[in-house]
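Below is one structure, written out as structure tokens; the observations come after it.
Model, not experiment: these values are computed from the prediction.
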Amino acid sequence: MLTGLSIRDVVLIERLDLAFRSGLCVLTGETGAGKSILLDALGLALGGRSEAALIRNGAAQAVVTATFEPPKDHPVYQLLADQGLDAGEGSEPLLVRRIVNRDGRSRAFINDQPSSVSLLRQAGDLMVEVHGQHDQRGLLDPATHRGLLDAFAGLGAEVAATRAAWDAWKAAEAERDTAA
């Protein structure tokens with residue numbers, strides 16, 4: 001899903017463009033190799049906390065762009081549509097960008113459309129889960145289990161039909177209670 005990461009003027013990185021292939025992608029390396037800087041940059045692009053200290057010395061701003069190619073039925077498209085943003089609905093890559101200025105202020109963009117950092121974070125939570133050593137929080141959170149299993153099984157239509165049936169049942173129940 002994450003296909004590219006472009007980093008400009010973040011900490012020690014002046015310019016870096018990474019391309020990821022499908023399948024398992026793992027960042028490994030010795031202590032001090034820069035893995036944390038890459039993860040901090042990705043976190044910044046996904047709505048993480050911004051600090052002027054992330055800007056490389058001598059630069060006016062830091063810019064991080066992450067490119068995603070989620071499946072056409074991915075929930076991120078519904079989230080963006082609900083917020084009035086055009087996400088291309090799977091026909092083009094989804095770009096998220098964050099710009100941090102020296103004064104600490106930042107701007108967020110989704111497909112080059114201005115966005116709130118909060119929306120960027122919500123979209124990021126739907127698309128990326130980062131795991132480090134001894135970090136299993138997302139997989140152990142029961143609130144995520146049903147959605148993961150339904151997505152893996154490709155049950156989007158069935159989930160929507162079940163939700164519609166539940167809503168209809170609750171509406172009928174409420175109507176019955178008011179009629180009595």
Which pairs of donor and acceptor atoms, one on a side chain in residues 20-43, lie under 3.5 Å apart (sequence neighbours left out)?
{"unit_1": "K35", "atom_1": "NZ", "unit_2": "G29", "atom_2": "O", "d": "2.9"}
{"unit_1": "K35", "atom_1": "NZ", "unit_2": "E30", "atom_2": "O", "d": "3.0"}

Output the rest of the hydrophobic cluster of [X]: all Ile, Leu, Val, Met, Phe, Trp and Tyr residues reachable through side-chain heavy-atom contacts under 4.5 Å, sorted by chain and number.
X	answer
L149	none
F152	none
F109	V63, I99

Looking at [X] and [Y], what are the two nearest heavy atoms and their distance?
X	Y	value
V117	G47	CG1-O, 3.6 Å
P70	M127	CG-SD, 4.2 Å
R56	V11	CG-O, 3.0 Å
L120	A108	CD2-CB, 3.6 Å
L85	P114	CD2-O, 4.0 Å
F68	A66	CE1-CB, 3.6 Å

If you look only at distance, which donor and acceptor atoms sit under 3.5 Å apart when one is on a side chain in residues 170-180 and the other is two or more places apart or in another chain?
{"unit_1": "K170", "atom_1": "NZ", "unit_2": "E173", "atom_2": "OE1", "d": "3.2"}
{"unit_1": "T178", "atom_1": "OG1", "unit_2": "A174", "atom_2": "O", "d": "3.3"}
{"unit_1": "T178", "atom_1": "OG1", "unit_2": "E175", "atom_2": "O", "d": "2.9"}

Any non-hydrogen side-chain atom of [X] less than 4.5 Å from a side-chain atom of [Y]?
X	Y	answer
P71	M1	yes
L126	Q122	no
Q83	I110	no
L79	L119	yes
L54	V100	no

Margin query: Does N57 have more than 12 heavy atoms from other residues, nucleotides or ligands lying within 6.0 Å of its CG?
Written below: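 No, not enclosed.
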- State whether the side chain of D103 and the backbone N or O of R105 hold a donor-acceptor pair below 3.5 Å, judged by distance alone.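 Pair found, side chain donor or acceptor close to backbone of R105.
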Answer yes or no: is there a donor N or O on one side and an acceptor on the other, between the side chain of T67 and the main chain of T3, under 3.5 Å? no
CZ of R146 to CG of L155, rounded to nearest 0.5 Å, is 12.0 Å
- prompt: Are L2 and V76 connected, step by step, through hydrophobic side chains (Ile, Leu, Val, Met, Phe, Trp, Tyr) whose heavy atoms are closer than 4.5 Å?
  reply: yes
Applied to residues 106-115, the side chain to side chain donor-acceptor pair (under 3.5 Å) test, sequence neighbours excluded, yields R97-D112, R98-S106
Checking V10, V64, I7 against L16 for side-chain contact (heavy atoms from CB on, under 4.5 Å), the one that qualifies is I7
Item to complete: On the 0 to 90° scale, with breaks at 30° and 60°, tag the W169-W166 ring pair as parallel, tilted or perpendicular.
Response: tilted
